[in-house]
Peer 1: 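One structure follows; several queries about it will come next.
Nothing here was measured: the structure is a model prediction, and the numbers come from that model. When a ligand or atom number is given, it counts from 1 through the structure's own listing order.
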Amino acid sequence: MNYYPGRAVVDLDAIRDNVTVLRERAPTAQVMAVVKGDAYGHGLVPAARAALRGGATWLGAAQVPEALALRAAGITAPVLTWLYGPGAPLAQVLEAGIDISAPAPWALAEIADAARSTGRTARVHLKVDTGLARGGSFLEDWTAMLTRAVQLQADGVVSVVGVWSHLARADEVDHPSVLEQFDVFAEAVRRAEAAGAALEVRHLANSAATIAVPKVHYDLVRPGIAVYGLSPMPLTHPSPQVGLVPAMRLEADLHVVKDAGPGQGVSYGHTYTTSYPTTLATVPLGYADGIPRRASNVAPVQVAGRQVRIAGRVCMDQFVLDVRDLSVAAGDTAVLFGSGSDGEPTAQDWADAVGGISYEIVTQIGPRVPRVYRGEDA
Ligand SMILES: *Cc1c(COP(=O)(O)O)cnc(C)c1O
């Protein structure tokens, strides 16, 4: 049974073309399309394939199961995975030919154990913390990490193929921390090479840096959100200006359409009240589908070619629109967000309305909502 009154329509050609745009932005680097979070809600495997068609040569998956799922689907491109805890099934990661990040000394030890148990040499990307203060070793502890890593390399247990890091404020144009992190990264790379690592890839750039900071592109850039057509810098580098097309359109079939008089409180808590004789229309998607409850009374939705705001609270499975004199009927399509090319709101508009970022809007669309694919690969 795959009937559902709402759907996320994903344009795979947009994903392909967005990657091509990003390649042009970073002509000296390879592109690792980041497909964590179910490809930011777009669907892991179809999105990954579309990104590869656009010229991505690597895929980045935060969680181990995501990386393994790419291989299970038959994708053979290089994959890096980076987020796991002690006791993770690293042997399976190595058996699947997946590159792995070493974010701390304990991880290096577990990678070595997995390599010994499988008889495989682990391809490791050492993570240096250049200032985000999240994963990776600070420069103070970097030499110890390197010493251990090159020992394991000499034993044939690991191969240090990458050094990488992540930026804290690349979305703030010209923020000095970006070049400070670059300097720390350059030093970490220098020390790694001096210690005997033959690095295939040095990588630091997320979408924002891919778009706006060529100096940090190195050998590989790791865009995520931009692959899906949304900009990490909506004010200074809006998607259309960069040439990116939002790939997801979230839509639903209107459920009940009925007349209502003035003074009618709408939805739980009656936080919206009609002020004229009007028409109310229910949209069968709610916070169980990942529609933020914060969208109550603020987020825009397109019906009958026009944008109206959500009326009252978003419920678990539905919300209401006050469509006034628009001509709508049950079964008509409401577009919550899309590419914007037909006058519909974008995920960025939703983020602006709820005080969030476009990343959360698309990533939180739940598994209950079917993904419907469009484009050459669909
Ligand atoms: C999520 C992530 C990215 C991609 O970030 P965007 O801002 O979506 O481009 C790149 N690298 C790492 C380590 C990440 O966690």
Peer 1: When you compare the side chains of Q151 and D155, does any donor N or O come within less than 3.5 Å of an acceptor on the partner?
Peer 2: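 Per modelled atom types, Q151 and D155 side chains form no pair under 3.5 Å.
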
Peer 1: Any chance CZ of R306 has more than 12 other-residue heavy atoms, nucleotides or ligands included, within less than 6.0 Å?
Peer 2: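 No, not enclosed.
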
Peer 1: In terms of side-chain geometry, is the basic nitrogen of D289 or R7 positioned less than 4.0 Å from the acidic oxygen of its partner?
Peer 2: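 Looking at R7 together with D289, the answer is no, because their closest N to O distance does not fall below 4.0 Å.
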
Peer 1: Tell me which pairs pass side chain to side chain donor-acceptor pair (under 3.5 Å) where either residue lies in residues 97-115, with sequence neighbours left out.
Peer 2: D99-R123, D99-H125, S101-W164

Peer 1: Hydrophobic cluster mates of L280, side-chain heavy atoms under 4.5 angstrom, ILVMFWY only, any path?
Peer 2: V266, Y272, Y276, V320

Peer 1: Residue by residue, ordered by chain and number, which ones reach under 4.0 Å of ligand 1 with a heavy atom?
Peer 2: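 Close residues (ligand 1, cut-off 4.0 Å): V34, K36, Y40, W82, R134, W164, H166, N206, S207, R222, P223, G224, I225, Y359.
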
Peer 1: For residues 36-48, which side-chain N or O atoms pair as donor and acceptor with protein atoms under 3.5 Å away, sequence neighbours left out?
Peer 2:
| from | atom 1 | to | atom 2 | distance (Å) |
| --- | --- | --- | --- | --- |
| D38 | OD1 | L44 | N | 2.8 |
| H42 | ND1 | A39 | O | 3.0 |
| H42 | ND1 | Y40 | O | 2.9 |

